[in-house]
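All values below were derived from every heavy atom in this structure, side-chain atoms included, with hydrogens, water molecules and symmetry-related copies excluded. Residues take their numbers from the sequence shown, with the count starting at 1. Please read these numbers as outputs of a predicted model, since none were measured by experiment.
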Amino acid sequence: MKTFCGRANPTTGSMEWLEEGEDYDYHQEIARSRYADMLHDKDRNVKYYQGICAAVSRVKERGEEAIVLDIGTGTGLLSMMAASAGADFCYAIEVFKPMANAAVKIVEKNGFSDKIKVINKHSTEVTVGPDGDMQCRANILVTELFDTELIGEGALPTYEHAHKYLVQEGCEAVPHRATVYVQLVESKRMWSWKKLFPVHVEAEDGEKILVPPSEMENCPGVASVCDIQLNQMPSSDFTTLSDVVTVFSVDFSKPVQSASTYYRVQLEPVKSGKAQIVLSWWDIDMDPSGLINCTMAPYWVKPTSALQWRDHWMQCVYFLPREEPVLQGEKLYLTACRDEYSVWYHLQKAREGENKADEEEHKADVCVESPVCRCRAHLLWNRPRFGQLNDQNRTRQYIKSLRKVLKTDSICLCISDGSLLPVLAHYLGAKQVQYLVLFFRSLHFNSLFFSHILFKANHLEDKIKIIEARPELLKPSHLEDKKISVLVGEPFFTTSLLPWHNLYFWYARTAVSTHLASNVTVLPQAASLHMMIVEFQDLWRIRSPCGICEGFDVQTMDDMIKDSLNFRESREAEPHPLWEYPCKSLSDPEEVLTFDFTKTVPQHCLSTEGSVKLLRKGKSHGAVLWMEYHLAADISVSTGLVQMSNEKGNCEWNPHCKQAVYFFSSVIESEILSDPTAVTYAINFDTKTGEIAMDFKL
Ligand code: SAH
């Protein structure tokens with residue numbers, strides 16, 4: 001069987017469908033999976049174990065046999081816990097074949113083959129009866145099917161089905177219950193991930209303001225969850241307007257309904273302010289007493305308890321459809337709507353003198369429709385991109401650079417996805433501005449639509465010309481037979497996964513070469529790739545072997561992850577937003593490659609070799625790589641490190657970009673020595689593929 005994998009080619013900007021062997025998908029799945037992170041989640045594992053022991057005891061005390069159904073067994077961990085706790089038999093269901101195979105091996109290695117039956121099926125396909133997968137219905141239901149939003153991985157329909165067909169009435173469930181909490185906040189930082197703020201530009205002829213189109217004003221945005229490591233959000237970046245409130249809970253020991261519904265809670269702001277954001281997280285009680293509790297509550301909620309770091313469960317940020325000024329003590333209703341897989345929120349003010357009857361009426365106008373973006377900007381830009389475009393400091397750098405390079409007779413061509421640069425270039429005096437909307441790209445219709453409404457809202461429809469073309473098919477007629485004097489790009493392309501994929505700008509620049517004036521200015525004039533060796537505070541866990549987990553040998557899983565990481569013999573860098581994942585630098589940042597945009601992409605590869613010294617004591621988990629763009633003389637923007645590390649090596653990262661992380665296959669501990677350890681590297685930018693390969697020796 002062949003799999004087709006879609007990926008953007010960084011040299012053409014187009015999506016390509018590559019035929020990959022059957023193994024490819026599975027290696028990707030395993031290599032990028034969260035299994036290692038779950039196995040390192042001590043708090044989760046300990047509490048599951050306690051909850052499972054308690055459930056088995058309760059069943060035994062009733063004089064019954066303990067028959068366990070473990071849905072989504074993964075490594076088989078929870079079934080092995082149940083078998084150790086004295087369960088008579090476990091049915092371990094796993095839909096993902098490579099994992100089911102691994103579970104069989106792990107169960108065998110740990111000596112539980114006679115107690116645990118691994119079934120490679122989706123739970124809804126499992127049959128019960130003398131000839132079925134299960135001999136009889138289970139009386140203990142164990143699962144770990146939750147994502148950051150609790151229900152996003154389909155826990156509700158799975159439970160609904162299990163209660164109907166696979167477990168006995170009155171069964172014990174581990175976890176017993178999940179509860180979802182919310183807190184209403186005001187946060188300019190997080191609100192800037194959903195709204196476009198006006199941009200102020202000091203132009204020759206006075207201040208100009210780029211205003212967002214009215215279509216954006218009340219646009220509900222998109223339903224996809226925004227999950228972040230909220231513990232990395234400093235308290236100075238938001239104001240809590242309400243206490244923490246429970247919105248809903250699900251009792252997993254009773255039949256569960258997955259059909260769309262809503263929950264309404266009353267709130268009284270503890271502070272006046274602008275309600276913009278609903279922060280949300282959940283906890284699970286492993287047993288009915290609620291004494292074994294595993295919580296995702298962020299740092300300010302339970303400041304005394306030690307926080308367990310984890311990446312497989314984080315916290316959610318929900319954006320209200322519009323900003324609502326609220327007063328301390330006033331009565332508000334917050335509604336959580338949900339379908340089978342996602343949740344969204346809206347806020348209403350209680351009307352004056354409201355009574356029960358009104359409240360019923362109120363319920364009727366609760367929206368149950370999931371949010372659908374009307375302005376297309378939320379389809380075109382993801383949340384970090386909104387944040388980036390709203391970053392005034394960044395915009396200032398572009399304005400400053402444009403001011404340097406633009407002249408009143410400039411003929412300007414802009415190449416970047418969903419960019420504000422054409423508007424800025426126009427305000428700053430370019431005589432003619434063309435915006436090349438790359439018509440073959442996946443989001444090109446959204447880009448086109450949004451550019452139209454943006455230009456219209458700013459009365460620029462006939463000032464900025466949208467050219468819908470591929471760069472290589474640009475014709476002199478598109479440019480009214482004029483040559484381009486200034487070529488600009490942020491550069492930013494929606495399909496870029498790794499930092500260097502935005503080098504597509506260089507390829508596009510090469511493709512439009514014949515249209516450039518001989519004295520053309522290209523902005524940015526160059527880019528550079530930077531690298532630094534780091535020790536992660538926590539992120540290392542996601543790629544690190546676990547060995548023994550709560551007394552169970554899961555090395556088979558470690559080996560499987562290692563094989564998948566080394567599939568095709570070379571490890572790859574992976575994108576991570578490092579503002580969410582603190583690390584300390586062990587080496588100085590180093591510029592490793594430069595890309596000269598004033599010239600065309602060369603035929604030959606660009607490669608470099610060298611070594612970096614480890615200047616601080618610590619564990620070298622990997623290398624971080626990022627791009628810097630040199631916009632004009634003395635003006636650069638970094639998509640990675642923004643603040644040089646201090647004494648301790650702490651780093652501040654660009655909060656709107658993902659950096660590339662290359663995890664070393666083994667970790668070395670460096671000591672401060674008179675002659676510091678060096679890491680040697682070889683980095684190669686293949687101009688034919690637009691990809692960067694690297695190799696490190698410790
Ligand atoms: N129980 C393991 C792994 C949890 S990850 C542990 O706690 O460590 C969840 C696993 O459930 C994944 O491997 C996924 O493939 C599987 N899964 C999710 N829904 C399922 C379903 N309805 N039926 C069978 N497997 C499912």
Under 6.0 Å from the CD atom of Gln257, do we count more than 12 heavy atoms belonging to anything else shown? no
Neighbour count >12 (heavy atoms, 6.0 Å) for atom NZ, Lys302: no
Apply salt bridge (charged side-chain N to carboxylate O under 4.0 Å, His left out) to Glu125 and list each qualifying residue two or more places apart in sequence or on a separate chain. none
Can Arg264 be said to sit on top of Tyr333's aromatic six-ring, NZ or CZ under 6.0 Å from centre and within 45° of the ring axis? yes
Pi-cation contact, Trp191 with Arg322 (under 6.0 Å, within 45°): no
Results of side-chain hydrogen bond (donor to acceptor under 3.5 Å, both in side chains) for His163 - residues two or more places apart only: none
Salt bridge flag under 4.0 Å for residues Asp538 and Arg541: yes
Are the charged groups of Lys254 and Asp251 less than 4.0 angstrom apart, N to O? yes
Does any pair with a residue in residues 89-113 pass salt bridge (Lys or Arg N to Asp or Glu O under 4.0 Å), and if so which ones, sequence neighbours excluded? Lys109-Asp553
Where at least one partner belongs to residues 40-54, residue pairs that pass salt bridge (Lys or Arg N to Asp or Glu O under 4.0 Å), sequence neighbours excluded: Asp41-Arg310, Lys42-Glu550, Asp43-Lys47, Asp43-Arg310, Arg44-Glu144
Should Asp559 and Lys562 be marked as a salt bridge (charged side-chain N to carboxylate O under 4.0 Å, His left out) after you check the CA-CA gap, both sets of side-chain angles, and the distance that decides it? CA-CA 5 Å; Asp559 295 343; Lys562 201 165 141 204; 5.7 Å; no
Holding to side-chain contact (heavy atoms from CB on, under 4.5 Å), I want the full list of residues that pass it with Tyr299, two or more places apart in sequence or in another chain. Asn231, Ser235, Phe238, Leu307
Qualifying residue, where the test is ring-ring contact (aromatic ring centres under 6.0 Å, His included) with Tyr318 and the options are Trp193, Tyr345, Trp281, Trp344: Tyr345
Decide whether Gln276 and Glu323 meet the rule of one side-chain donor and one side-chain acceptor closer than 3.5 Å. yes
Side chains of Asn139 and Glu172: any donor to acceptor distance under 3.5 Å? no
Evaluate Glu574 against Arg543 for side-chain contact (heavy atoms from CB on, under 4.5 Å), listing each step before the verdict. CA-CA 11 Å; Glu574 41 186 288; Arg543 300 285 169 261; 2.8 Å; yes
Taking ring pair (Phe, Tyr, Trp, His ring centres under 6.0 Å) as the test, write out the residues that go with Phe96, two or more places apart. none
Under 30°, 30 to 60°, or over 60°: which ring-plane class applies to Phe146 and Trp313, parallel, tilted or perpendicular? tilted
Tyr159 vs Leu141, test: side-chain contact (heavy atoms from CB on, under 4.5 Å). Steps then yes/no. CA-CA 9 Å; Tyr159 272 109; Leu141 175 56; 3.6 Å; yes
How long is the gap from CD on Gln315 to CG on Leu279, to the nearest 0.5 Å? 9.0 Å
